[in-house]
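Values reported hereafter were calculated over all heavy atoms of this structure, with side chains retained and with hydrogens, waters and symmetry mates removed. Bear in mind that the values here come from a model prediction, so they are computed numbers and not experimental data.
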Amino acid sequence: MVRLTFYGGVNEIGGNKILLEDEGRRLFLDFGFPYKRHKQFYEEYLKPRSGAGLLDPLVMELLPPLEGLYRDDFASPGLWEQFRHTFTYRMLDRVDGVLLSHAHLDHSGHISFFRQDIPVYTTAMTAFIAKAMQDSGKSDFDQQVCYFSPTIREYPTGWKQIACLTGDTKEQRQFCIANIKPEDLSPEAVEFWRWGFWEKTKRQKPLESRPLVGHSGCSFNLRCFPVDHSIPGACAWGIETSSGWIIYSGDLRLHGKRAELTRKFIEQAAALKPKVLILEGTNVLRETNVSEYEVYQNGLRAIMGSDGLVVADFSPRDMDRLLTFRQIAVDTGRKLAILPRDAYLLKTLRLLEPEIPDIAQDDSLVIYQDTIASKSPALWLRNLCQEYDSKIILAEDVSSAQDQFVLCFSFFDLNELPSIRPGVGSLYVYSSSEPHDEEQEIDFRRLHKWLEHFNLKGFGLPVEINDKWQIPDEEKGLHASGHACASDLLEIARQINPEVLIPVHSESPEFYTKQPVLNGINVSLPALNGTIEI
Ligand SMILES: [Zn+2]
């Protein structure tokens, strides 16, 4: 008998943490950061204490109390005694690995807590994006997916209590890639994987990197199916168990640029005659999709008439969208100015997909450098700025030729505007999703204030009408979701045709229980921390 236990992704979008157990073998399907539950307690300036390690996420029930699963350096002495009486406590003495579907943190973030000998099975692209995100971001202790600094315990001077401090070494997790042979990677790709940041402080020791290895060592027979989602490298998984094949969709869509990957997955998954399909349901309440091509057409229409600066706001890591705006920039005689972190990601993707444009060679791409430099810029940033020296533009370059650029900024980059001073006729094109919670609504109020202040015309921007934030009808169609709409999800379920369908990653999973088209498929709704036996 196979047991599936759902520690996250139940009645919530993201935070997937699914434990699969079969005759003593155990795998996790994703181990994501539960944004929604996290936000109930925390915000930017109120965070779990990194020095408390596992204590905060365990007490706040953001992490299941599974002894044996997590890093020892995060467990203070006596920690586990506090949780052994709890309902969800379990001792997991053996976990064979985690199957990671893609690099969005709501699927990967809490891998940070895993013991370092637990391998991460994923695609090469997801592994590389996870590293690029960490290299170029300020990842908190609970989002260090690819590598981490083990904490050390000591009494800092003048402190009465023992503290967990970030150590001087960095260790990389073992990533096992499923879709290509590690020996087929280029020397540049191997070098990227090994590259660490020890120069940042003199005390820090080099990243202790583990090579990427193939995934054949797993005790399960696995299938990795590339699928289309709003981040490159996404995949679904098939796991052969003693009860039959179990398919896990991860996040996917049928209307993106790589829709044929998802179609191929459907076909191959159906051929396995699976017992179970664990399927996402982010957009079960949406009836239609906007395609990336429509985003291109609508974006082009919005930008074509503009004779001032154009700011394009879209989700980080959505490379399809970045390339869409690059095309729009080309077609409107402008250059696309991207931020260094996007340039770093683009450069990383090109290590695996040579068809991604080369920033050095591509006339339509430039890199916008922040006006205020830090005293000691991070090494990745310094290297990047040196490598693409001739491609760097500054606020004054943009300011003096505003009709020459499409600037890829998000809300958090608006503080550059005082250096740019957008002129008359400038446009802010919003190409992302509508606000999901109060915090985002507050950010939108702020965004509107910024636009007002700088006389920037908003386009595609959600506005508040009768207490509801929505995009005006005539400005819709500037965002293609990473997730399939209702009819596509039903099509996926119907064609794969499992015996049991388990919806996850959805705020309305009961949607699947009322669909005549799924007749013959047994829909089983998971409960948080609950187990479904197969
Ligand atoms: Zn995702």
Side-chain angles (χ1 to χ4, degrees), residues 13-14 35 102 104-106 227-232 234 251-259 262 280-304 306 310-329 331-332 336 338-339 342 345 406-414 427-437 439-441 443-444 447-448 451 456-465 468-489 505-507:
I13 292 173
Y35 278 102
H102 62 286
H104 281 150
L105 286 167
D106 63 331
V227 294
D228 188 25
H229 183 41
S230 48
I231 190 167
D251 289 352
L252 42 61
R253 62 179 172 189
L254 272 168
H255 60 277
K257 283 183 180 167
R258 288 171 299 266
T262 308
E280 72 125 316
T282 314
N283 281 348
V284 286
L285 301 184
R286 263 201 217 164
E287 278 153 28
T288 54
N289 297 305
V290 173
S291 73
E292 198 60 42
Y293 186 65
E294 288 170 84
V295 173
Y296 162 76
Q297 288 177 311
N298 294 328
L300 183 66
R301 219 166 7 96
I303 292 171
M304 199 134 63
S306 168
V310 173
V311 178
D313 178 346
F314 51 88
S315 325
R317 266 87 67 183
D318 189 343
M319 278 299 128
D320 291 341
R321 193 61 42 82
L322 190 146
L323 295 176
T324 294
F325 276 102
R326 172 181 162 272
Q327 194 54 50
I328 293 174
D331 295 345
T332 51
L336 190 73
I338 58 177
L339 293 169
D342 296 324
L345 187 61
V406 173
L407 193 55
C408 297
F409 268 11
S410 72
F411 174 70
F412 298 101
D413 307 305
L414 290 173
L427 190 65
Y428 191 94
V429 180
Y430 182 74
S431 177
S432 206
S433 50
E434 291 164 48
H436 297 298
D437 57 41
E439 223 172 292
Q440 284 174 310
E441 289 178 8
D443 287 347
F444 268 99
L447 174 57
H448 279 284
L451 302 193
L456 269 160
K457 186 177 171 297
F459 191 91
L461 206 67
V463 287
E464 199 177 7
I465 303 166
K468 259 196 91 184
W469 286 86
Q470 39 191 295
I471 298 168
D473 277 346
E474 62 283 8
E475 296 181 12
K476 280 190 173 144
L478 274 167
H479 175 56
S481 170
H483 305 273
C485 69
S487 56
D488 285 352
L489 288 165
H505 202 281
S506 179
E507 286 180 342

(request) Give a yes-or-no answer on whether the side chains of Thr324 and Gln327 include a donor-acceptor pair shorter than 3.5 Å. (result) no

(request) Using the test salt bridge (charged side-chain N to carboxylate O under 4.0 Å, His left out), find all partners of Asp251 that sit at least two apart in sequence or belong to another chain. (result) none

(message) Suppose we screen for salt bridge (charged side-chain N to carboxylate O under 4.0 Å, His left out). Which residues come up paired with Lys257, at least two apart in sequence or across chains?
(response) none

(request) Carefully, step by step, assess Leu322 and Phe314 under the rule side-chain contact (heavy atoms from CB on, under 4.5 Å). (result) CA-CA 8 Å; Leu322 190 146; Phe314 51 88; 4.0 Å; yes

(request) For side-chain contact (heavy atoms from CB on, under 4.5 Å), just list the numbers for Ile13 and Glu507, CA-CA rounded to whole Å, side-chain angles, deciding distance to a tenth of an Å, and then say yes or no. (result) CA-CA 6 Å; Ile13 292 173; Glu507 286 180 342; 4.1 Å; yes

(request) Give a yes or no on this: more than 12 heavy atoms of other residues, nucleotides or ligands lie within 6.0 Å of atom CZ of Arg258. (result) yes

(request) Not counting sequence neighbours, which residues clear salt bridge (charged side-chain N to carboxylate O under 4.0 Å, His left out) with Asp318? List them please. (result) Arg321

(message) As a quick check of understanding, evaluate side-chain contact (heavy atoms from CB on, under 4.5 Å) for Tyr430 and Leu451, giving each step before the final call.
(response) CA-CA 12 Å; Tyr430 182 74; Leu451 302 193; over 6 Å; no

(request) Measure the spacing between CG of Leu300 and CZ of Phe325 and express it to the nearest 0.5 Å. (result) 10.5 Å

(request) Check the pair Phe459, Ile303 against side-chain contact (heavy atoms from CB on, under 4.5 Å), reporting the backbone distance first and the verdict last. (result) CA-CA 9 Å; Phe459 191 91; Ile303 292 171; over 6 Å; no

(message) Under 3.5 Å, is there a donor on one side chain and an acceptor on the other for His229 and His104?
(response) yes

(request) State plainly whether the residues Arg253 and Asp320 are in salt-bridge range, i.e. N to O under 4.0 Å. (result) yes

(request) Assess the side chains of Thr282 and His505: does a donor N or O sit below 3.5 Å from an acceptor N or O? (result) yes

